[in-house]
Every structure is written in structure tokens, then in C-alpha cells.
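Notes for the one structure printed next.
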Amino acid sequence: MFESLTDKLSSALRNLRGVGKLSDENMAAALGEIRTALLAADVHFRVAREFVERVQAQCAGQEVLKGVTPGQQIVKIIHDELVRLLGEGATALSAARPLKIMLVGLHGSGKTTSAAKLGRLLKKRGYRPFAVACDVYRPAAIDQLEILARQEELGFYADRASRDVPAIGRAGLDAAMAAGADAILFDTAGRLQIDEGLIDEVRRLGDATKPDEVLLVADGALGQEAVNVAKVFHDALQLTGLIMTKLDGDARGGAALSIKAITGTPIKFIGTGEKTDDFDAFYPDRLASRILGMGDVVSLVEKAQESIDGAEAERMAEKMRKADFNLEDFLAQMQQVKKMGSMQSIVGMLPGMSGVQLGDDAELQMARTEAIIRSMTIQERRKPEVLNGSRRQRIAKGAGVKIADVNQVVKQFQQMQKMMKMMKMMKGGGGKKMMRQMEAMRGKGGFPGM
Ligand code: GDP
């Protein structure tokens with residue numbers, strides 16, 4: 001899907017993601033490439049221009065994150081903008097039951113096929129779907145829908161003798177209700193091009209059946225033309241969503257990327273082949289990741305934003321659980337925490353500590369504790385029991401603190417060690433008593449900030 005667009009955007013971003021320092025020049029070059037790629041994919045010029053402007057504005061106001069390059073951060077901004085463009089969060093179907101869906105669109109757009117595909121998908125979601133044939137001009141279309149409905153084991157209604165579309169719709173609805181269906185799909189007639197007669201007929205069918213969803217089936221391979229078609233249908237019928245078909249073929253992506261921005265109507269489903277299984281709910285973030293081909297960078301930046309290195313925290317928590325945690329580990333842990341910005345999540349991983357909230361001055365205390373540990377030798381960090389009076393004095397001097405501060409850190413660390421040992425034993429049993437002892441200890445101060 002959208003290979004050419006994917007290639008071009010990926011190459012623009014590949015150049016960008018390695019950039020350690022952003023300048024007006026490298027930004028302008030990358031944004032220019034992105035804009036060219038969008039236009040080449042037949043994205044509406046206004047959409048392409050606004051997209052680049054939004055990315056530019058966001059980059060300007062962005063705080064630099066630790067652990068990622070500015071280039072990577074921009075890739076994430078572009079990804080998020082792409083998701084927004086594709087219609088973030090607006091792609092779910094109405095929750096109404098029974099759910100009445102009217103499918104409209106031009107002849108050959110894939111309407112009848114999509115009715116069957118959607119019926120199949122709804123069935124998988126637990127609905128009992130029912131198809132109503134409302135194309136009174138093409139007997140072949142009625143036959144096609146009937147065959148597909150049989151094949152997918154959907155309910156089906158047609159009246160081959162009637163030309164009264166609203167009456168067929170109402171009768172179809174009654175038949176669906178009588179059959180115990182709770183998702184009714186109305187397949188309407190199409191034309192080769194939009195005309196008033198077609199629109200009027202669909203409008204009257206809508207008045208008769210009061211659909212919860214009016215979905216336009218649009219041929220994605222048509223590019224900008226599909227956008228124009230959507231605009232006319234939307235103005236006339238108040239569409240609730242789109243089914244974009246034929247994205248498996250040589251669709252360049254322009255229609256998919258422009259249609260939400262231009263018409264305000266979100267894509268809800270995509271057709272990706274001729275088989276009834278070639279059909280998916282539309283997820284803007286998935287398509288955005290696919291188009292950019294940069295899922296790794298996006299999740300990297302998300303991680304940095306979440307600001308916690310889960311693996312490292314888990315490793316440390318494991319050491320604590322085994323009571324095999326010395327001051328050196330604690331220092332490493334503090335480095336990690338500083339890089340990530342929050343100790344809360346690590347504390348939350350410790351047995352018995354999940355409810356503990358860190359105090360506001362935790363950072364300050366942590367800085368002092370860090371200075372004290374840094375003034376120790378490796379041996380002292382690994383075996384704090386060697387810390388006699390003269391060593392403590394030396395450390396206090398080195399860290400620029402009072403000897404009492406050093407004593408406090410050592411004492412608190414010893415308490416913490418005791419607690420870890422207890423937790424280790426607690427696994428066997430007698431947990432409640434241990435917990436009470438731990439509570440009492442925590443009352444005595446615990447480790448800085450805890
Ligand atoms: P209708 O006139 O709008 O009802 O269109 P049809 O459902 O009859 O589809 C027209 C043609 O497009 C048929 O040959 C379908 O098999 C084909 N078609 C529909 N959807 C897709 C799709 O997502 N991908 C591909 N490749 N073909 C499709």
C-alpha cells in the first residue's frame with residue numbers, strides 16, 4: 001500500500017533522524033522533501049501545505065527530550081500529525097443497535113462488495129447482519145449481493161419487482177427485524193457520475209430508514225477525484241464516514257491522506273482486495289506508521305516521553321528482591337532515575353511499596369545522597385560495613401556535607417537492606433507480621449525520599 005509515498009517519506013526522514021542538531025537549513029530541506037513526497041502522492045496541495053506548516057510550528061515549540069536526537073523527535077511529530085490528518089479517534093462505528101448502515105457511492109466503487117465485506121466483519125464482531133438490495137436498476141447487482149450474502153451467511157432481502165426505493169428499504173428493515181438481525185446494510189444504486197436523481201433517491205431512502213451511518217464507498221485509486229466525489233456526497237447527504245476501497249492497487253495515497261482534511265469525514269474502513277476478507281477497520285496510527293516506515297523511532301520517542309527504562313528498572317527491582325543491592329547499584333539506579341526523571345515507577349515495582357508516594361524534596365535529597373555515594377570508593381560502595389569514622393569524615397568532606405548526613409545515608413541504606421532481606425524471606429510465609437515491621441521501619445525514615 002502506498003509504496004512510492006512510503007519510500008519517499010522514509011528517505012526524507014532517514015536523513016532527518018540522524019540529525020543531532022537542527023538548523024534552519026536541514027529542517028527546511030527535510031520539510032521540502034516531505035511536501036514534495038505528499039504532492040507526488042496526489043495529496044491535495046492545501047493539505048500538503050498545511051501539514052508542513054503544522055509540523056514546522058510544532059518543531060519550533062518542542063522541548064528537547066533526553067535520550068533521543070532532535071531528528072528522531074521530529075519523526076515523531078510528523079507521525080502524530082499524520083495520524084491527526086488521517087482522522088485520529090474518529091473511526092469507530094455508531095454504537096446503535098440495531099445498527100442501520102446505508103452504503104452510497106458511484107458505480108464500480110466497490111459498494112456491493114463492501115456491503116458483503118462489512119457484513120462479514122460485523123458478524124465477526126458479534127452482530128447478526130442483514131443486507132438489503134436497494135439498487136433497482138441493475139438486476140445483476142441484486143444477484144451479486146444475494147450471492148455474497150449467502151456466502152457470508154448474512155440475512156438478505158430484495159424485491160425485484162419494485163422500483164420504489166424507500167418502500168424497498170422499509171420492507172427490508174421489517175424483514176431484518178423479523179429475522180432477528182441487528183445490523184442492516186442498505187446497498188444503494190450508483191451512477192457513473194454524481195447526479196441529482198441519484199442523490200435524491202438516496203436521500204428519500206434515508207428518510208424512510210433513518211440510518212445511523214451513511215458510509216460513502218470511494219475508490220481510493222481515483223486520487224483527488226475521490227476527494228471531489230466525497231465532498232459532493234457529503235454536502236448532499238451528511239456522510240458519517242467513508243469506506244476507501246482498492247488501496248491494494250496503484251492507489252498513491254493522496255485520497256486517503258486528503259479526504260478527512262477536505263471533507264471532514266473520517267475513513268472508517270479500507271478495502272484491500274477483491275475477497276470478502278480483504279477489508280479492515282481503519283486505524284490512522286497504523287497507516288501513519290506504515291507510510292512512514294519508522295515505527296522504531298516513533299516508539300523510541302514515546303518511550304523517552306514516558307521517561308522510564310522499564311528493563312533497567314526491572315533489573316534493579318530484581319536485585320532488590322534478592323537483597324543483593326549495594327550502594328553502587330543504588331548510584332547506578334539514581335543515574336537511571338535522573339535520566340528518566342521519575343523514581344516513582346521504580347518504587348512502585350518493589351514488593352510492598354506500590355502505594356508509597358515520593359516526597360516533593362526527593363530530588364534534592366537524591367542529589368545529596370548521590371554526592372555522598374560518589375565520594376566513596378568502589379569498595380566502600382560494595383561493602384558499606386567498612387565505613388568507619390575516618391572514612392565517613394573523608395566522604396563528608398568530599399561531598400561537601402556534614403558527617404551526620406553521611407551517617408544518615410549509611411543508616412538508611414542499612415535499614416533498606418534489612419527490609420530487602422525481610423522481603424526475600426517473606427516469600428515463604430508470615431507475610432503479615434513482616435509487613436507490620438516494614439511499616440514501622442518506613443515510619444523511621446526509610447531511604448531518602450521514600
Ligand atoms: P459497485 O458497483 O460499487 O457495487 O462495485 P462492486 O462491488 O461491484 O465492485 C466493483 C469491482 O471492484 C469488482 O470487480 C470488485 O471485485 C472490485 N473491488 C471492490 N473492492 C475492491 C478492493 O478493495 N480491491 C480491489 N482490488 N478490488 C475491489
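Computed from a predicted model, the values in this text were never measured in an experiment. Just so you know, ligand 1 is whichever comes first in the structure, and atom 1 is the first atom listed for that ligand.
- Of all the heavy atoms of R138, the ones lying under 4.0 Å from any atom of ligand 1 belong exclusively to the side chain.
- Nearest protein neighbour of atom 13 (C) of ligand 1, counting heavy atoms only, is T113 OG1, 4.4 Å.
- Taking only nitrogen or oxygen atoms, main chain and side chain alike, T112 reaches within less than 3.5 Å of ligand 1.
- Look at D200 and R204 and you find a salt bridge, because one of the NZ, NE, NH1 or NH2 atoms lies within 4.0 Å of a carboxylate O, short of that distance.
- For ligand 1, the atoms lying closer than 4.0 Å to a non-hydrogen atom of G271 are 23 (O).
- The proximity of K275 to ligand 1, defined as any non-hydrogen pair under 4.0 Å, does not occur for either the backbone or the side chain.
- The number of heavy atoms from other shown groups lying within 6.0 Å of CD (E53) is above 12.
- A salt bridge does not link R84 to D80: none of the charged nitrogens lies less than 4.0 Å from a carboxylate oxygen.
- Nearest protein neighbour of atom 26 (N) of ligand 1, counting heavy atoms only, is D248 OD2, 2.7 Å.
- Residue contacts with ligand 1 include G108, since one or more of its heavy atoms lies under 4.0 Å from the ligand.
- The backbone N or O of T240 lies less than 3.5 Å from a partner atom in the side chain of K268, making a donor-acceptor pair.
- Using a 4.0 angstrom heavy-atom cutoff, G105 does not count as in contact with ligand 1.
- Within the 4.0 Å heavy-atom criterion, the part of L106 lying near ligand 1 is the backbone and not the side chain.
- With atom 1 (P) of ligand 1 as the reference point, the heavy atom nearest to it among H107, K111, M244, K117 is part of K111.
- Closest protein heavy atom to atom 5 (O) of ligand 1: G110 N, 3.0 Å.
- In terms of N/O distances under 3.5 Å, ligand 1 is approached by K246.
- Between F130 and Y157, the distance from one ring center to the other does not fall under 6.0 angstrom.
- Looking at R150 and E146, a side-chain N of the basic residue comes within less than 4.0 Å of a carboxylate O on the acidic one, giving a salt bridge.
- In this structure, OG on S258 lies 7.0 Å from CG on D42, to the nearest 0.5 angstrom.
- Put simply, CG on D135 and CZ on F186 are 15.0 Å apart, with the number rounded to the nearest 0.5 Å.
- One finds a salt bridge joining R120 and D277 here, because a Lys/Arg side-chain nitrogen approaches an Asp/Glu carboxylate oxygen to under 4.0 Å.
- At the shortest separation from atom 21 (C) of ligand 1 among protein heavy atoms lies G273 O, 3.5 Å.
- Using a 4.0 angstrom heavy-atom cutoff, T272 counts as in contact with ligand 1.
- Taking every heavy atom of Q144 and a limit of under 4.0 angstrom, the matching atoms of ligand 1 come to 7 (O), 8 (O).
- To the nearest 0.5 angstrom, I74 atom CD1 is 12.5 Å from E81 atom CD.
- For ligand 1, one of its N or O atoms has an N or O atom of E274 under 3.5 Å away.
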